[in-house]
S.K.: 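My questions will all concern the structure given below.
Below, chains carry the letters A, B, ... as their sequence lines are ordered, and counting in each starts from 1. What's counted below: heavy atoms across the whole structure, side chains too, no hydrogens, waters or symmetry copies.
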Amino acid sequence: MVMSTDTAKKFVSFEALPDFLAQLAQGACVYAPRRENKAVVYRPWSPGDNVEFAARPTESCKHVIFPRSEELFSFTRGGEGENPDDSSLILQEASEPGPAVIFGALSCDARGFLAFDPVYDGCGTGGKARDVYYLKRRAITTLVVRTCKTPLNTCFCTWVGGGPASSEGADALMTEIGNGLLFEAVSDKGAALLQSLPDASAEQGAEATASREAAQGRFPQPADIKAAPGSLRALFDSAPFWEKQTAQCLYCGACTYLCPTCYCFNITDESNGIRGVRLRSWDNCMSPLFTLETSGHNPRPAKFNRLKNRVGHKFSYYPKIHSGRFSCCGCGRCIKSCPSSVDIRKIVLDAIKEAANV
Amino acid sequence: MAIQDDIKSAIAEVLPGLSCVIGWGAGPEPLRAAPLFMRDAADVEKFTAGFLAVNNPALFLPALKGAKVGLVVKGCDARSVGQLVAENLVKREEVHLIGYPCRGIIDMDKTAAALEGRCEPGEVKGLREEDGDIVLDTPGGEVRLAKTDVAADKCARCRYPNAESADVFVGEKIAPVVERDDYADLAAFENMELDARKAFWEMEMSRCIRCYACRNSCPLCVCRDHCVAASREPHWLTQADGVRDKLFFQLIHATHLAGRCTGCGECERACPVGIPLLTLKRAFSRQVEGLFGYTAGLDQGMPPLLTFKLEEPAIKEREW
Ligand code: SF4
Ligand code: SF4
Ligand code: SF4
Ligand code: SF4
Ligand code: SF4
């Protein structure tokens, strides 16, 4: 009997996975989730490394495209030693990034980049202020998304338009079935990546579809947060509401730095003598320094001002100018890793309730 | 739990004279509680104590200076308050401490390890405490874990479970778990070759995302908003994503906490990527205890490294 095959779908057994990864690693830096002590982080994969499939990654994979700290250029200036009047300045462009594959991003992580894209592609400036650093990496990174089987207590991707097997933002989807992984290309980039793999059988394709449907069924009914943008705007000046919501927050950077959609940065010159580099590094709106002005004035002096901004940005100000899309993909990392158990879902729901009462 | 109701009564009794009482309430998922700020009777109803009472409420005190605040405290939390008071960072008369006998708190990482192969901690749907065990409702059925197996390391070496400085103590005091801290954890670490230790810290610190949750969760790290790590003028630390700057900050924190750290473990617990920060802190604590005979959070007066004495009683310079 001839097995029917589904040409769009590919299959790799766990046994053959290292070979496939090794093949990918020849043409790109492959980032895969790895367990390191108590955390699961995305690290460049090399032969012999395990890929962590059991626990979901502690951090998002945004740093592959938006590095924690990235050199924009380096500089050397004159004026030292023999020639104090030498005012020359030599600038050197940073080295070009190489292609990357994120293997085993979560579907929420892939959707996270969709919050970055318009902002870094010059929205609001008619495409004039495009961020070449971000766009370059974005273009040469392929996202292979692993679909989720179960929700964590902190997951709420389904509240914000996503789901355990959402393919939005992904280049390829992979689903665990039996003793391996079933791959499906979502974009041309994804198709190119999977090209060399053997086709999956129709049965394997059906198994993956069934597994994803079952996963979808394990997710609780999403809460309706359509009113969030308006409610949060209405509560902009309600300091008591925000003080109460923020009491337990210790204004660290855990939520923003683990978040797949937080995209703020800082720019510093780091020099040593006459040589230095200009760095763009992550910044976070929970820090009092984020808005500290040179005069010493700080428009967001208290932690409640800052948490209000974090929630407001994601659930009100961003959707207002981006066709209603929330700049939160519901990954729940800010809840799961918050040392003080702050729950952004609760804040949004409380705000909707509170605004209905005023 | 009967003791829980007794603590609630103790809170309700003093709440009218206080701006708030800080304790613990339900968190975002069954394995985690959250700090609870109680301002009225309805809030008090939400109070929970027990194995999930993880956060150290002393953290919030310096920011609430000027108002009288109540805290429900474990033994180790009370030590943090004691140290804040010893350093004049908090006025003792502005704090009302409600103590209870603490039998330990959960460590999420150990719980995750114990659940490995079954589910992630985030899939646990319910938790019940049964004497020395916790019983977890997981997708694959009930899982029973001994509290001692998943309790924080600090609880296995707890010398002060009873919040001795409490204004009100609810329940019967219990015996300490150990009489003396032998720093066995440090010995295990120090048995590693120097090269291996260096490699260990390089690997661990390379995960650091510089979120400073470690700093901001530390009740004794009081220059938080004016931290050298973030200062631009002078620019001590670069923004480069390297182990050098990350470890540099940890050594700054550990040095600033030398002789002040009470070992509450919040820095390590708060670290989202599980870097074993307490190892550094405890190495300093052991040193200060040995050299100056000062135990943070228990002794009155300024910690030895914040003061100057012509002669340190425990350092016999003249006999060298
Ligand atoms: S919400 Fe949590 S993670 Fe975010 S700043 Fe506050 S304490 Fe830190
Ligand atoms: S705000 Fe929280 S839930 Fe939303 S994307 Fe960021 S980390 Fe995930
Ligand atoms: S160290 Fe002692 S007082 Fe602190 S949580 Fe553990 S058992 Fe309780
Ligand atoms: S350094 Fe860590 S263990 Fe020491 S007092 Fe601060 S948070 Fe607690
Ligand atoms: S909490 Fe952990 S990740 Fe965050 S700055 Fe401290 S050591 Fe780094």
Side-chain angles (χ1 to χ4, degrees), chain A residues 36-41 43 54-56 58-59 63 67-71 150-155 218 244 247-258 266-272 277 279-284 286-289 303 332-333 335-343 345-346, chain B residues 20 22 25-37 39 54-55 59-60 63 108-110 112-113 116-117 119-125 139 203-204 206-207 209-217 224-226 230-232 235 238-242 266 269-276:
Chain A
E36 261 177 37
N37 248 342
K38 299 164 179 171
V40 178
V41 290
R43 293 281 200 189
R56 270 158 273 205
T58 316
E59 61 178 12
H63 59 87
R68 285 184 200 106
S69 181
E70 136 173 74
E71 184 182 318
T150 54
L152 297 176
N153 293 321
T154 45
C155 292
R218 288 185 199 105
K244 195 167 174 220
Q248 79 209 60
C249 168
L250 42 97
Y251 60 92
C252 61
C255 48
T256 43
Y257 289 167
L258 297 173
N266 190 5
I267 291 193
T268 51
D269 284 351
E270 311 284 354
S271 52
N272 190 355
V277 288
L279 295 181
R280 176 216 333 247
S281 53
W282 288 0
D283 203 352
N284 87 80
M286 297 307 298
S287 153
L289 282 165
K303 62 180 179 179
R333 284 194 182 89
I335 309 167
K336 185 175 158 208
S337 290
C338 172
S340 242
S341 295
V342 172
D343 189 338
R345 294 169 298 193
K346 181 175 174 301
Chain B
C20 69
I22 310 174
E29 45 182 336
L31 292 185
R32 288 160 66 212
L36 177 70
F37 288 68
R39 298 178 198 279
V54 169
N55 294 67
L59 171 72
F60 301 103
M108 280 297 274
D109 296 316
K110 287 190 191 171
E116 214 178 306
C119 67
E120 293 181 66
E123 291 169 278
V124 171
K125 286 288 167 227
M203 172 55 94
E204 291 296 314
S206 72
R207 277 201 310 276
I209 53 172
R210 295 178 89 169
C211 65
Y212 298 127
C214 47
R215 175 190 72 192
N216 286 25
S217 62
R224 231 166 277 157
D225 294 9
H226 309 276
S231 110
R232 291 279 169 265
H235 195 43
T238 83
Q239 287 294 105
D241 183 31
E266 284 291 84
R269 181 190 67 80
C271 176
V273 291
I275 301 173

S.K.: Between A:E270 and B:T238, do the side chains contain a donor N or O and an acceptor N or O under 3.5 Å apart?
M.R.: no
S.K.: If we define contacts as heavy-atom pairs under 4.5 Å, which of A:L279, A:N284, A:T58, A:T256 has the most with chain B?
M.R.: A:L279
S.K.: Does any backbone or side-chain atom of A:E36 lie under 4.5 Å from a heavy atom of chain B? Answer side chain, backbone, both or neither.
M.R.: both
S.K.: If only atom types and distance count, is the side chain of A:K38 paired as donor or acceptor with the main-chain N or O of B:K110 below 3.5 Å?
M.R.: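 No, the answer is negative, given that no donor and acceptor are paired below the 3.5 Å cut-off.
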S.K.: Pick whichever of A:K336, A:M286, A:R345 has the most heavy-atom pairs under 4.5 Å with chain B.
M.R.: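 Among the listed options, the one with the most contacts to chain B is A:K336.
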S.K.: For A:L250, is it the side chain, the backbone, both or neither that has a heavy atom under 4.5 Å from a heavy atom of chain B?
M.R.: both
S.K.: Which bit of A:R333 comes within less than 4.5 Å of chain B, counting heavy atoms only: side chain, backbone, both or neither?
M.R.: neither
S.K.: Pick one of side chain, backbone, both or neither for B:E120, based on which atoms fall under 4.5 Å of a heavy atom in chain A.
M.R.: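 For B:E120, side-chain heavy atoms alone lie under 4.5 Å from chain A.
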S.K.: Less than 4.5 Å to any heavy atom of chain B: does that hold for the side chain of A:A247, its backbone, both, or neither?
M.R.: both
S.K.: For A:N272, which atoms come within 4.5 Å of any heavy atom of chain B: side chain, backbone, both, or neither?
M.R.: neither
S.K.: With A:Y251, which residues qualify under ring pair (Phe, Tyr, Trp, His ring centres under 6.0 Å), at least two apart?
M.R.: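 Ring pair (Phe, Tyr, Trp, His ring centres under 6.0 Å) list for A:Y251, sorted by chain: empty.
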S.K.: So what's closer than 4.5 Å to chain B heavy atoms on A:P67: side chain, backbone, both or neither?
M.R.: neither
S.K.: With a 4.5 angstrom heavy-atom cut-off, is it the side chain or the backbone of A:S340 that approaches chain B, or both, or neither?
M.R.: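 Backbone plus side chain of A:S340, per the 4.5 Å heavy-atom cut-off to chain B.
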S.K.: What residues form a side-chain contact (heavy atoms from CB on, under 4.5 Å) with B:A34, not counting sequence neighbours?
M.R.: A:Q248, A:S341
S.K.: Please flag which part of A:N153 lies under 4.5 Å from any non-hydrogen atom of chain B: side chain, backbone, both or neither.
M.R.: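 The answer is both parts of A:N153.
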S.K.: Against chain A, label B:A213 side chain, backbone, both or neither, depending on which of its atoms sit under 4.5 Å from a heavy atom there.
M.R.: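 Interface part for B:A213: both.
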